[in-house]
Protein chains: 2
Amino acid sequence: MSPRVVSEGDRRRRRPTKQGAVLSQRLIIDTALRLVEQHGADALSVRRLGIALGADPSALYRYFRNTDDLLLALADEFIGRSLEGWEATGDWRTDLRAMGLRIHHSYHGQPQAALLVAHRTTGRIHETRAVETILGILRDGGFPDPLAVRIYHSFADQALAFAAQDAAAAALPPAAAEADAEVWRQAYGPLPAATHPHVAATYPLLAADMSGSGYPFALELMLTALETLHPDGAGGGRRDR
Amino acid sequence: MSPRVVSEGDRRRRRPTKQGAVLSQRLIIDTALRLVEQHGADALSVRRLGIALGADPSALYRYFRNTDDLLLALADEFIGRSLEGWEATGDWRTDLRAMGLRIHHSYHGQPQAALLVAHRTTGRIHETRAVETILGILRDGGFPDPLAVRIYHSFADQALAFAAQDAAAAALPPAAAEADAEVWRQAYGPLPAATHPHVAATYPLLAADMSGSGYPFALELMLTALETLHPDGAGGGRRDR
DNA sequence: GTTTACACGTCAATGGTGTTGACGTAAGCT
DNA sequence: AGCTTACGTCAACACCATTGACGTGTAAAC
């Protein structure tokens, strides 16, 4: 008896489905990504993916052990894409900022896969390269090793944590996402100054600010703090007091 | 015809189930939290919750409109518990720090539930009180409204994002957690200086640092940055209103 | 105390999900 | 040309959230 899933290298018989599609891991991953992009995260089910491929849903189990296996493959795919094409400028502020925003942005683009991978340590090639790059920015930027390592840890965790957080929001079923957005109008708007003076006083500002991600400003705050920790005093004289 | 779900105030008839349980929102939420605590986030389904309560699963729909409604109630309960007993000192640095660590800590203590809940906006009583409290710390601390709001947003998101991130790590099944820890030794330890000079140079520091959470340091960085943004320059004193 | 209205627990059914075992066809080797 | 067996298909299982109909028995009204 043959194992249910055959590794891609050993695959031989390319047998078309009833509807004429010739399956492969590549085709399945690409189709799944397209499905998620076009119809949202919850459109990705084995049954729907089967239909989109023109194959019986159970055929997928010839290519992936289970849906988790498939989603990890998806995640790995976009990690690769998210690191593509970045180049260092040599200024640690600029480079850290770009790195953070890039991670955050690319995870946000594929929330479903992001959710799965954001809190795992993969140790794979793209991840190790990212670690190396960020550490390099900090050490070449003049931070001593112990500080560079602590900063790396907080910087990377913060980028991933915010990315996962925002991805989770983006991956909510439409109804729940709508509800979360409405909450700021319906629950916080009517709060009276008597019981919630600070919310009442700042409500318009709040409602406007909360619609976006808190990450960009958090990143700027971190960069600001790093300037004061930099061994060269004010960190190149950008900040004054 | 009566609406399917009756608001808690208007509820009158307390009719025991076949198995003798007398349902209420309180009982349901407490049971759900216990279920998640004991058997993990995946154990929370309407059917299983019904069984745990000793009631037909569909009885839940007399108390919550749907599972999302139940989840939000769960989330708010969680927020409430994590802020129980906190008291302001009047110093915004101390208070913000305490607030952040408290959120982070309580989520870490209930990782399974935290995962389920960390990225929702509930708009309910405990959450609004938390928002009011944090905004109050910032405004009473002397930050002008537009800045206070931006800071609130990034501060709260940071605490929640890290909490979810660390909860996710703590909630991994033992086997997967072991595997993730091993990755740092097996994948990063052997990286040669030729291809990954920065990782190789700092590996002992890295391995030691990565075992903890990045949040405490990230929080300190944020507080440091806030000092420089404070209108009183070095952020010396408390401002009265 | 008796009556009455209806709240709410229960049942059954719907349409979704991931996953597996059995089966036979046809693909690609010899 | 014949043989093996990979792999696409089918059917079934166990679970999921949710809803409409129903009737019991509680608590209010009298």
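In what follows, every heavy atom counts, from backbone to side chain, and hydrogens, waters and symmetry copies are set aside. In what follows, every chain begins at residue 1, and chains take the letters A, B, ... in the order their sequences are listed.
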Can you find a donor-acceptor N/O pair under 3.5 angstrom joining the side chain of A/Ser58 to the base of D/dC10?
yes
Think B/Tyr61 has a side-chain N or O under 4.0 angstrom from the OP1 or OP2 of C/dT10?
no
Heavy-atom donor-acceptor pair, B/Arg15 side-chain to D/dG25 base, under 3.5 Å
no
Under 4.0 angstrom, heavy atoms only, what part of the nucleic acid is A/Ser45 near: base, sugar-phosphate, or nothing?
sugar-phosphate
Please give, in whole Å, the distance from D/dT18 C1' to B/Tyr63 OH?
18 Å
Length of the CD1-C1' vector between A/Ile51 and D/dT9, whole Å
14 Å
Separation of atom CZ in A/Arg48 from atom P in C/dT19, rounded to whole Å
15 Å
May I have the list of side-chain donor-acceptor pairs in residues 31-38 of chain B shorter than 3.5 Å, sequence neighbours left out?
residue: B/Thr31; atom: OG1; partner: B/Leu27; partner atom: O; Å: 2.6
residue: B/Glu37; atom: OE2; partner: B/Gln110; partner atom: NE2; Å: 3.4

Closest nucleotide among D/dT18, C/dT19, D/dG8 to the A/Arg62 side chain:
D/dG8
From CG of A/Leu53 across to P of D/dC7 the rounded distance in Å is 15 Å
Around B/Arg129, counting heavy atoms of other residues, nucleotides and ligands shown, do more than 12 lie under 6.0 Å from its CZ?
no
With respect to the phosphate group of D/dT18, does any side-chain polar atom (N or O) of B/Thr67 fall under 4.0 Å of OP1 or OP2?
yes
A/Asp56 CG to D/dA12 P: how many Å, rounded?
14 Å
Counting the atoms with a prime plus P, OP1 and OP2 as sugar-phosphate, which does B/Ala59 contact under 4.0 Å by heavy atoms, base, sugar-phosphate, or nothing?
base
Are OP1 or OP2 of D/dC10 and a side-chain N or O of A/Lys18 less than 4.0 angstrom apart?
yes
Check the distance between C/dG9's P and B/Leu27's CG and give it to me in whole angstrom.
11 Å
Stepwise ring pair (Phe, Tyr, Trp, His ring centres under 6.0 Å) check, B/Tyr107 with B/Phe162:
CA-CA 10 Å; B/Tyr107 275 59; B/Phe162 267 100; over 10 Å; no
Quick one: the side chain of B/Arg47 and the base of D/dA17, do they pair up donor-acceptor inside 3.5 Å?
yes
To the nearest angstrom, how far is A/Leu60 atom CG from C/dT20 atom P?
13 Å
I'd like to know if B/Arg120 and B/Asp69 make a salt bridge, using a cut-off of under 4.0 Å between side-chain N and carboxylate O.
no
Please report, rounded to the nearest Å, how far the C1' atom of C/dG18 is from the CG atom of A/Leu44.
12 Å
Listing request: all salt bridge (charged side-chain N to carboxylate O under 4.0 Å, His left out) pairs with a residue in residues 72-83 of chain B, at least two apart in sequence or in separate chains.
B/Arg26-B/Glu77, B/Asp30-B/Arg81, B/Glu77-B/Arg81
